[in-house]
Amino acid sequence: MDEPIPVTRAVDHGTAKLLPDVDRARAWLLTVDGAPQSYVDLDEPTHLEFEYARRLAHVLDTTAEPGRPLDAVHLGGGALTLPRYLAATRPGSRQDVVEADRGLLALVAEHLPLDPADGVRTHSADARAWLAAAPADSADVLVGDVFGGSRVPAHLTTLAYAREADRVLRPDGVYAANLADGAPFTFLRSQLATFQEVFPHLALIAEPSVLRGRRFGNAVLVAAHRELDTAALARRTAADVFPARVEQGKALRRLIGDATPVRDEDAVPSPEPPGGAFSVG
């Protein structure tokens, strides 16, 4: 059998590379300008290499009883790791994936094609513009995983964006976002304050070393109008290879402190990761 070879292509927002995993026959790492974006195993879509993807998957797993199909919106596409996971774990789910980079979508469709039966529709559009046009009360879960390079774009950090996400979610729907920050957590605190303004129930999933400010890293924000199953989330995240904590209630209020919701006119992207934090080769 021929060895898979790396693929390099200029896409709309940089240079994308698909790098084969030497240890797994049909598994690929997607990078854009050296920043890892996605990891996909075409033979085993439930294999999630990145810890933040596992944490988002734990949210998907605990959003409803096992196996129940969900209507899901994914803002940020990459190599469609989580849509593939959801199609495998909750067959019959209807999923919309919004990715601003048309060239990246084309690359993934060509080299890492989806099964048409998976129920995944892709849209080349700006995430917030697409969300503004989406029907109200149409999603059970909304996943935000949009990075321009290694930074969350400013217009996806604001109170107006959070309200738009709330409008599209059903009353018992769940919002989950992959964020990145380090001490003193100016960005993360602002995001918690912003979503606290819209959703009464919040949780934050992150490794203890990140929460203690020892290193820059990912944190998954979870928000809803109903109680979150944080006990189930905590069990799952604690069992991961790199265990994480689930913070809520008083601990989150302490972290938020005097941070205030982000208005469109004051919005800034998430901070640039320190050199080498999120880069490959």
Side-chain angles (χ1 to χ4, degrees), residues 38 45-46 48 52-99 114-123 125-146 156 160-179 191-192 194-205 219-237 246 248:
S38 304
T46 57
L48 302 175
Y52 82 82
R54 290 187 198 179
R55 291 166 194 152
L56 287 169
H58 294 327
V59 177
L60 296 177
D61 290 343
T62 56
T63 290
E65 58 272 17
R68 193 191 106 193
L70 296 175
D71 291 337
V73 171
H74 304 263
L75 303 179
L80 311 177
T81 304
L82 283 174
R84 296 174 203 267
Y85 176 89
L86 196 64
T89 57
R90 297 181 179 275
S93 293
R94 295 180 300 187
Q95 303 188 70
D96 288 289
V97 180
V98 185
E99 169 59 59
L114 285 162
D115 184 332
D118 283 347
V120 179
R121 297 180 298 185
T122 59
H123 311 269
D126 172 78
R128 184 157 158 186
W130 188 92
L131 205 60
D137 299 333
S138 58
D140 298 309
V141 62
L142 200 165
V143 178
D145 188 17
V146 181
L156 302 180
Y161 163 73
R163 287 179 175 144
E164 207 62 76
D166 181 35
R167 183 188 65 81
V168 172
L169 282 167
R170 296 191 173 119
D172 63 347
V174 174
Y175 177 85
N178 177 34
L179 305 173
Q191 290 307 282
L192 290 165
T194 298
F195 279 81
Q196 180 181 249
E197 189 87 356
V198 179
F199 295 93
H201 298 281
L202 292 187
L204 187 71
I205 309 169
V220 170
L221 181 155
V222 191
H225 283 282
R226 61 173 168 93
E227 292 275 355
L228 297 162
D229 193 349
T230 50
L233 274 176
R235 284 193 300 272
R236 288 167 183 266
T237 58
V246 178
Q248 59 177 327

Smallest heavy-atom separation, Gly76 atom then Val146 atom, equals N-CG2, 3.6 Å

Please name the pair of heavy atoms, one in Leu48 and one in Ala53, separated by the smallest distance, quoted to 0.1 Å. CD1-O, 3.8 Å

The criterion is side-chain contact (heavy atoms from CB on, under 4.5 Å); which residues satisfy it with Ser38, sequence neighbours excluded? Leu30, Ala79, Thr81

Please find the pair of heavy atoms, one from Phe199 and one from Ala162, that lie closest to each other, and give the distance. CE1-O, 4.1 Å

With side chains defined as the heavy atoms from C-beta onward, is the minimum distance between Leu114 and Leu80 less than 4.5 Å? yes

Using side chain to side chain donor-acceptor pair (under 3.5 Å) as the criterion, list what pairs up with Thr63, not counting sequence neighbours. none

Correct closest heavy-atom pair for Val97 and Pro83 would be CG2-CG, 3.6 Å

Given side-chain contact (heavy atoms from CB on, under 4.5 Å), test Leu228 with Val246 step by step and report yes or no. CA-CA 11 Å; Leu228 297 162; Val246 178; over 6 Å; no

Partners meeting ring pair (Phe, Tyr, Trp, His ring centres under 6.0 Å) with His201 (sequence neighbours left out): none

Residues at least two apart in sequence or cross-chain that pass side chain to side chain donor-acceptor pair (under 3.5 Å) with Asp166, listed by chain then number, are His225

State which residues pass side-chain contact (heavy atoms from CB on, under 4.5 Å) with Glu99; sequence neighbours excluded, sorted by chain then number. Asp101, Leu104, Leu105

Smallest heavy-atom separation, Ala134 atom then Val168 atom, equals CB-CG2, 4.0 Å

What distance do Asn178 atom CG and Arg55 atom CZ have between them, rounded to the nearest 0.5 Å? 9.5 Å

Quick check for you: to the nearest 0.5 Å, what is the distance between Leu142 atom CG and Leu169 atom CG? 5.0 Å

Distance from Leu192 atom CG to Leu179 atom CG, nearest 0.5 Å? 8.0 Å

Arg167: which residues meet the salt bridge (Lys or Arg N to Asp or Glu O under 4.0 Å) condition with it, sequence neighbours left out? Glu164

Atom CG of Asp137 and atom CG of Asp172: how far apart are they, to the nearest 0.5 Å? 10.0 Å

For Tyr175, give me all partners under ring pair (Phe, Tyr, Trp, His ring centres under 6.0 Å), at least two apart in sequence or on another chain. Phe195

Pairing residues for Asp140 by the side chain to side chain donor-acceptor pair (under 3.5 Å) criterion, not counting sequence neighbours: Arg170

Under the salt bridge (Lys or Arg N to Asp or Glu O under 4.0 Å) rule, collect the residues that match up with Asp96, sequence neighbours excluded. Arg121

What residues form a salt bridge (Lys or Arg N to Asp or Glu O under 4.0 Å) with Arg235, not counting sequence neighbours? none

Hey, does Val143 have a side-chain heavy atom less than 4.5 Å from the side chain of Leu82? yes

Value rounded to 0.5 Å, distance of CG in Leu221 from CD in Gln196: 10.5 Å

Under the side-chain contact (heavy atoms from CB on, under 4.5 Å) rule, what do Ile205 and Leu233 come out as? Steps first, then yes or no, please. CA-CA 9 Å; Ile205 309 169; Leu233 274 176; 4.2 Å; yes

Tell me, do Tyr161 and Thr194 make a side-chain contact under 4.5 Å, heavy atoms counted? no

Any pair with a residue in residues 79-94 that passes salt bridge (Lys or Arg N to Asp or Glu O under 4.0 Å), sequence neighbours left out, goes on the list, sorted by first then second residue, please. Asp71-Arg94

Who are the side chain to side chain donor-acceptor pair (under 3.5 Å) partners of Asp61, not counting sequence neighbours? Tyr85, Arg236

Which is it for Val174 and Arg226 under the side-chain contact (heavy atoms from CB on, under 4.5 Å) test, yes or no, and what are the steps along the way? CA-CA 8 Å; Val174 174; Arg226 61 173 168 93; 3.4 Å; yes

Where is the tightest heavy-atom contact between Pro200 and Val198, given as atom of each residue plus distance? CD-O, 4.0 Å

